[in-house]
A.B. asks: 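Before we start, here is the structure in question, set down as structure tokens.
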Amino acid sequence: MSPRFFGSDTQKQMERVAHDLWPLLKDDPAYGTEGRMIGIDAPSENQIDKVAALTRIQGASVNHYVPKAEEDALAARYVGLGLASDRWDQFMGGTACLEAATALLDRFTLPEGYTLHRLSPDTPAHILDGLETTAAACGVLPPMSPILFGTLRPAAYVCLEAPDGGVAACAGSVMRNHPDSRFAKTAWWGMLATREQDRGRGLSLYLGALAARHMHDRHGVTEFYTGVRSDNAVSRHVCEKLGVHDSAYACVAILDPQAFGEGGYTK
């Protein structure tokens with residue numbers, strides 16, 4: 001099956017390049033991918049040029065686990081290399097996230113008429129179409145399909161099909177990093193999105209809890225992280241309800257202005 005890429009033409013090209021680069025970089029513990037682009041987490045001084053090269057090749061790259069006290073200086077380094085930067089607060093959760101997820105799953109009842117889909121190579125095309133529509137309406141960029149399906153990296157992506165056949169909500173998590181990385185037992189978590197007409201039912205909370213529990217139970221993940229805009233009160237509230245809170249770290253995006261001259265690669 002050919003991989004599927006999502007978003008605008010520029011976003012699809014970024015994912016396509018990352019897909020083609022991954023076989024060359026996947027055995028190096030420095031590199032990781034959540035399925036949008038390849039990046040280096042907590043980069044050292046001698047990795048800045050590598051991240052810059054990745055950015056020019058892909059259109060964008062990313063550094064998670066950047067201490068907030070150091071992010072301005074890091075961003076300035078990239079700007080000095082002719083690139084642009086973007087940032088999110090890095091929200092993180094461990095035991096508290098798993099406890100909150102377990103408690104929510106114990107009490108949650110899926111509304112009648114909604115069908116849970118665990119994404120896999122057998123997922124029907126109309127579900128992937130609906131997933132993209134719902135995610136895009138919320139400003140969220142889905143990762144390439146081999147990540148959604150868990151065939152490229154250990155992952156858990158889920159969505160709910162609504163009674164009308166559309167995708168009501170989605171969420172997911174992926175282990176971005178190499179088993180020998182110091183971030184081996186961490187996982188990016190998020191892609192929380194709900195259609196406007198399905199909001200207020202806790203659907204994305206439910207799916208986020210499912211993804212977190214699956215990643216812990218199946219893959220031994222002990223720490224979850226995601227990037228949240230400082231002004232995104234809704235996302236911050238959802239994360240906090242699942243025990244994922246703001247931390248001392250930031251997620252820094254590095255952008256090639258020729259590719260993403262009008263803003264970041266995702267919300």
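Keep in mind that this is a model prediction, so the values were computed, not measured.
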A.B. asks: Quick one: does Trp189's side chain get under 4.5 Å of Tyr225's, heavy atoms only?
C.D. replies: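 No, their side chains stay 4.5 Å or more apart.
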A.B. asks: Please answer: with hydrophobic residues joined when any side-chain heavy atoms are less than 4.5 Å apart, are Leu116 and Leu131 in the same cluster?
C.D. replies: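 Hydrophobic grouping puts Leu116 apart from Leu131.
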A.B. asks: Contact between Val174 and Thr33 at the side-chain level, heavy atoms closer than 4.5 Å - yes or no?
C.D. replies: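 No. Closest side-chain heavy atoms not under 4.5 Å.
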A.B. asks: Under a 3.5 Å distance rule, please check whether Arg153 uses its side chain to pair with a backbone N or O of Ile147 as donor and acceptor.
C.D. replies: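 No: the side chain of Arg153 does not pair with the backbone of Ile147.
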A.B. asks: Kindly give the heavy-atom pair with the smallest separation between Ile38 and Gln58, and that separation in Å.
C.D. replies: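 So the two residues come closest at N-OE1, 2.7 Å.
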A.B. asks: Does any N or O in the side chain of Thr134 come within less than 3.5 Å of the main-chain N or O of Val167, such that one atom is a donor and the other an acceptor?
C.D. replies: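 Yes, Thr134 side chain to Val167 backbone: donor-acceptor pair under 3.5 Å.
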A.B. asks: In terms of hydrophobic clustering (I, L, V, M, F, W, Y; side-chain heavy atoms under 4.5 Å; direct or indirect links), are Leu119 and Phe5 co-clustered?
C.D. replies: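 Per the 4.5 Å side-chain linkage, Leu119 and Phe5 are co-clustered.
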A.B. asks: Hey, could you give me the CG/CG distance between Leu203 and Leu192, rounded to the nearest 0.5 Å?
C.D. replies: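 Going from CG on Leu203 over to CG on Leu192, the span is 11.5 Å.
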A.B. asks: Under a 4.0 Å N-O cut-off, is there an ion pair linking Arg16 with Asp9?
C.D. replies: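 Not counted as a salt bridge, because no side-chain N and carboxylate O are separated by less than 4.0 Å.
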A.B. asks: Trp188 versus Arg36: any side-chain heavy-atom pair under 4.5 Å?
C.D. replies: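 Touching, per the 4.5 Å side-chain cut-off.
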A.B. asks: Could you check whether the rings of Phe108 and Tyr206 sit parallel, tilted or perpendicular, using 30° and 60° as the cut-offs?
C.D. replies: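 Phe108 vs Tyr206 ring planes: parallel.
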A.B. asks: Which distance, rounded to the nearest 0.5 Å, do you find between the OG of Ser204 and the CZ of Arg195?
C.D. replies: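 Reported value, rounded in 0.5 Å steps: 13.5 Å.
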A.B. asks: If you measure from the Lys or Arg side-chain nitrogens to the Asp or Glu carboxylate oxygens, is any gap between Asp72 and Arg87 under 4.0 Å?
C.D. replies: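 Salt bridge flag = no for Arg87 with Asp72.
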A.B. asks: State, yes or no, whether a side-chain contact exists between Glu15 and Leu141 at a heavy-atom distance under 4.5 Å.
C.D. replies: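 Contact flag for Glu15/Leu141 side chains = yes.
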A.B. asks: So does Arg199 have more than 12 non-hydrogen atoms from other groups sitting under 6.0 Å from CZ?
C.D. replies: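 For Arg199, atom CZ is crowded (more than 12 foreign heavy atoms under 6.0 Å).
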A.B. asks: With no hydrogens and no angle check, is any side-chain donor or acceptor of Glu132 less than 3.5 Å from a backbone partner on Gly7?
C.D. replies: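 Flag set: sc Glu132 to bb Gly7 pair under 3.5 Å.
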A.B. asks: In sequence, state the C-alpha distance, the side-chain angles, and the governing distance for Met92 and Glu223, and then conclude on side-chain contact (heavy atoms from CB on, under 4.5 Å).
C.D. replies: CA-CA 7 Å; Met92 301 172 65; Glu223 183 173 87; 3.4 Å; yes
A.B. asks: Could you grab the distance from atom CG of Asp89 to atom CG of Asn232, nearest 0.5 Å is fine?
C.D. replies: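 One finds 10.5 Å between CG of Asp89 and CG of Asn232.
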A.B. asks: Is the closest side-chain heavy-atom distance between Pro143 and Met191 below 4.5 Å?
C.D. replies: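 Answer yes - side chains close enough.
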A.B. asks: Please determine whether the number of non-hydrogen atoms from other residues, nucleotides or ligands lying under 6.0 Å from atom CD of Glu196 exceeds 12.
C.D. replies: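 For Glu196, atom CD is not crowded (no more than 12 foreign heavy atoms under 6.0 Å).
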A.B. asks: Apply side-chain contact (heavy atoms from CB on, under 4.5 Å) to residues Phe91 and Arg236 and explain how you reach the verdict.
C.D. replies: CA-CA 8 Å; Phe91 273 50; Arg236 297 172 86 89; 3.6 Å; yes
A.B. asks: If I compare all heavy atoms of Tyr114 with all of Ala168, which pair ends up nearest, and what's the gap?
C.D. replies: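 Shortest heavy-atom contact: CE2-CB, 3.6 Å.
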A.B. asks: Can you tell me how far the CZ atom of Arg176 sits from the CD atom of Glu34, to the nearest 0.5 Å?
C.D. replies: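 Between Arg176 CZ and Glu34 CD, I get 5.0 Å after rounding to 0.5 Å.
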A.B. asks: Any side-chain heavy atom of Ile254 sitting closer than 4.5 Å to one from Leu81?
C.D. replies: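 They are not in side-chain contact.
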A.B. asks: Looking only at non-hydrogen atoms, find the nearest pair between Pro121 and Thr151 and report the distance.
C.D. replies: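 Reported closest heavy-atom pair: CG-CG2, 4.2 Å.
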A.B. asks: Starting from the C-alpha separation in whole Å, work towards a yes-or-no answer on side-chain contact (heavy atoms from CB on, under 4.5 Å) for Thr102 and His216.
C.D. replies: CA-CA 11 Å; Thr102 300; His216 174 73; over 6 Å; no
A.B. asks: Is Asp246 salt-bridged to Lys68, going by a charged N under 4.0 Å from an acidic O?
C.D. replies: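 Looking at Lys68 together with Asp246, the answer is yes, because their closest N to O distance falls below 4.0 Å.
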A.B. asks: Regarding Asn63 and Tyr78, do their side chains bring together a donor and an acceptor under 3.5 Å, going by distance alone?
C.D. replies: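 Yes, Tyr78 and Asn63 have a side-chain donor paired with an acceptor closer than 3.5 Å.
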A.B. asks: Verify the cluster assignment for Val228 and Val62: are they in a single hydrophobic cluster under the rule of side-chain heavy atoms below 4.5 Å apart?
C.D. replies: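 Unlinked, Val228 and Val62 end up in two clusters.
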A.B. asks: Can you see which heavy atom on His219 is nearest to which on Ala155, and at what distance?
C.D. replies: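 That closest heavy-atom pairing would be NE2-N, 4.2 Å.
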A.B. asks: So, taking the atom named CD1 in Ile127 and the one named SG in Cys170, what distance separates them when rounded to the nearest 0.5 Å?
C.D. replies: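 The distance works out to 11.5 Å.
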A.B. asks: Tell me, do Tyr65 and Arg182 make a side-chain contact under 4.5 Å, heavy atoms counted?
C.D. replies: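 No; the side chains remain at least 4.5 Å from each other.
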A.B. asks: Would you say OH of Tyr249 has more than 12 non-hydrogen atoms from neighbouring residues, nucleotides or ligands within 6.0 angstrom?
C.D. replies: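 No, the 6.0 Å shell around OH holds no more than 12 heavy atoms from other groups.
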A.B. asks: If I take atom SG from residue Cys97 and atom CE from residue Met215, how far apart are they, to the nearest 0.5 angstrom?
C.D. replies: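 So the SG of Cys97 and the CE of Met215 are separated by 11.5 Å.
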A.B. asks: Between Arg201 and Pro111, what is the shortest heavy-atom contact and its length?
C.D. replies: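 Looking at all heavy atoms of both residues, the shortest contact is NH1-CB, 3.6 Å.
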A.B. asks: Could you check whether Arg77 pairs with Glu70 (Lys NZ or Arg NE/NH1/NH2 to Asp/Glu carboxylate O, under 4.0 Å)?
C.D. replies: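 So Arg77 does not pair with Glu70 through a salt bridge.
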A.B. asks: Less than 3.5 Å apart, any donor N or O on the side chain of Asp256 or Thr55 sitting next to an acceptor on the other?
C.D. replies: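 The answer is no; no qualifying pair exists.
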A.B. asks: Quick check on the hydrophobic clustering: are Leu148 and Val221 connected, directly or via other members, by side-chain heavy-atom contacts under 4.5 Å?
C.D. replies: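 Different hydrophobic clusters.
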A.B. asks: Taking it one step at a time, do Val17 and Met14 satisfy side-chain contact (heavy atoms from CB on, under 4.5 Å)?
C.D. replies: CA-CA 5 Å; Val17 172; Met14 175 180 66; over 6 Å; no
A.B. asks: Counting C-beta onward and ignoring hydrogens, is there a side-chain heavy-atom pair between Phe224 and Leu98 closer than 4.5 Å?
C.D. replies: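 The answer is yes; the side chains approach within 4.5 Å.
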A.B. asks: With distance as the sole criterion, is a donor-acceptor pair present between the side chains of Glu161 and His117 under 3.5 Å?
C.D. replies: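 Yes, a side-chain donor-acceptor pair sits under 3.5 Å.
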A.B. asks: Tell me whether Met37 shares a hydrophobic cluster with Leu83, the cluster being built from Ile, Leu, Val, Met, Phe, Trp, Tyr side chains joined at under 4.5 Å.
C.D. replies: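 Same cluster: Met37 reaches Leu83 through Ile, Leu, Val, Met, Phe, Trp or Tyr contacts under 4.5 Å.
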A.B. asks: Please find the pair of heavy atoms, one from Ala60 and one from Leu255, that lie closest to each other, and give the distance.
C.D. replies: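 Looking at all heavy atoms of both residues, the shortest contact is CB-CD2, 3.8 Å.
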